[in-house]
Amino acid sequence: MQKKSKHLVTLLLLLLTLTLGACGDQGRDLAENVDGERTQKEQRTEEVAGAKSPASFDDMAWEKGMELSYASQFFVEKSGDYQLITIVRNDRFLLIPEGKAVPEGVPEDVIILQKPLDRVYLAASSVFDLIRQAGALGNVRFSGTKKEELSIAEAAQAMERGDMLFAGKYSKPDYELLVGEGCDLAVENTMIYHNPAVKEKLESLGMPVMVETSSYEEHPFGRMEWIKLYGLLFDQLDAAEEFFDRQVALLEPILQQDGTGERVAFFYVNANGVVNVRKPGDYVTKMISLAGGEYFMKEEAEEENALSTMNVQMEEFYLSAKDADVLIYNSTIVGELKSITELIALNPLFADFKAVKEGRVYCTEKNFFQETTAIGDFVDDLSNLLRHPEETDFHQLFKLSK
């Protein structure tokens, strides 16, 4: 009986050992599977955590990090291979190279951006063209613009393939999707300031937010030069600089021509019948000047707000623009017009405008705002219509029929 008991105990111990071994094997298998399913972003985060940290932020020596010829709304400093990006009137960002750690003592107002930034939520539709021309569209995983509303064909095609996902418009992003897919940067335009709770929510969920202010640039080349910033963020700086230099060179023949003296009004009429115009000194008015025209409004003392547009009553617009030689209707906000008759239907006063009587009324293409890098085409169009009123073949404009 005692022997049987000993054998029974021995058998139970053997079974217990085998069971624990099996459990251990299953646990190891499960751990290996989980480890194998970790995203590349998580693995990179662990690598960064183990990387050697540079000196503290206060001890880092900063110097000029990017040559800018026209842009004034951002600048870049560098310390070694770290970059400090400043968006004027906005935020500062510390761009950390891939595989490098965050320095100690980074100020609270400096937002950390850890390369690679390859799961970006792009809510600023005008930036798609800059990123496309920099060769970095693959870094954009989420769009704040629906496929059917995108004028950039490559972006629409990426959404068609599923390489890019619609993650809600800027005012109502799909937080669950962005968090679930590991969004590493949200690029917004200044409209986000009308929805500050959205920006705060994105940041509270661990997503850095960059509000781009290229529309505040006074010079059109300045707005286009933001392509260098996106080239820097997405490791395509050489391509971005090459594209920018090439576009500026293409405009040189136009810039060398004398002015025409013709006055141009650029505007649209909102749903309330109020006329929205560009402020004198805005990048659009600068393009009119580069093409040889004169903006219908005179530049006044600088206002405190940085908005590039202003609303005026129709009567005021009439007094300022009725003798303008050319009218250009901005279709990007309220849609295109097809005829001068449609323009007059917005307000009978338009019938008394000089440009209307002479048939010199034009409308921007609906993709004018999204095609940020088409500055050369727009200036060329303006130059042609000012110097050749009979011209009807344009890139970014079309002439309204009577």
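None of these values were measured; they are calculated from a predicted model.
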Would you please say whether a donor-acceptor pair under 3.5 Å links the side chains of [X] and [Y]?
X	Y	answer
T373	D129	yes
N311	N276	yes
D58	S56	no
E63	S79	no
D352	Y318	yes
S214	E212	yes
T145	S125	no
R387	Q257	yes
Y121	D174	no
Q83	E77	no

State, with a plain yes or no, whether a side-chain heavy atom of [X] is found less than 4.5 Å away from one of [Y].
X	Y	result
F394	Y362	yes
R360	P389	yes
T341	K402	no
L84	L95	no
I87	Q73	no
V312	V274	no

Can you classify the ring geometry of [X] versus [Y] as parallel (below 30°), tilted (30 to 60°) or perpendicular (above 60°)?
X	Y	value
F317	F267	tilted
H219	Y70	tilted
Y268	Y329	perpendicular
F266	F378	perpendicular

Exercise for the section: Could you go through the side chain to side chain contact (heavy atoms under 4.5 Å, CB included) check for L202 and L178 one step at a time? Expected result: CA-CA 9 Å; L202 289 169; L178 294 173; 3.9 Å; yes
Exercise for the section: Apply side chain to side chain contact (heavy atoms under 4.5 Å, CB included) to I85 and R92, showing your working. Expected result: CA-CA 6 Å; I85 301 165; R92 292 192 296 166; over 6 Å; no
Problem - Option among F93, Y230, W226 that satisfies the ring pair (Phe, Tyr, Trp, His ring centres under 6.0 Å) test with F74 - result: W226
Residue pair [X] / [Y]: nearest heavy atoms and the distance that separates them:
X	Y	value
N272	N270	N-OD1, 2.8 Å
S339	L400	O-CD1, 3.7 Å
E149	Q370	O-NE2, 2.9 Å

Problem - Pairing of E218 and R223 as salt bridge, 4.0 angstrom limit - result: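 No salt bridge links E218 with R223.
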Exercise for the section: State whether D235 and K115 are salt-bridged, where the test is any N-O pair (Lys NZ or Arg NE/NH1/NH2 against Asp/Glu carboxylate O) under 4.0 Å. Expected result: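 Salt bridge between D235 and K115, a charged N being under 4.0 Å from a carboxylate O: yes.
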Practice task
Please test M191 against H194 for side chain to side chain contact (heavy atoms under 4.5 Å, CB included), starting from the C-alpha separation and ending with a verdict.
Solution key: CA-CA 6 Å; M191 291 296 290; H194 297 291; 3.9 Å; yes
Residues that [X] engages under ring pair (Phe, Tyr, Trp, His ring centres under 6.0 Å), provided they are two or more places apart:
X	value
Y295	none
F398	none
F128	none

Exercise for the section: Decide if the gap between the ring center of F166 and the ring center of F142 is smaller than 6.0 angstrom. Expected result: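 When the ring centroids of F166 and F142 are compared, they turn out to be at least 6.0 Å apart.
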Handout entry: Chi angles and distances behind the side-chain hydrogen bond (donor to acceptor under 3.5 Å, both in side chains) call for N90, Y193
Key = CA-CA 11 Å; N90 203 323; Y193 290 133; 2.7 Å; yes
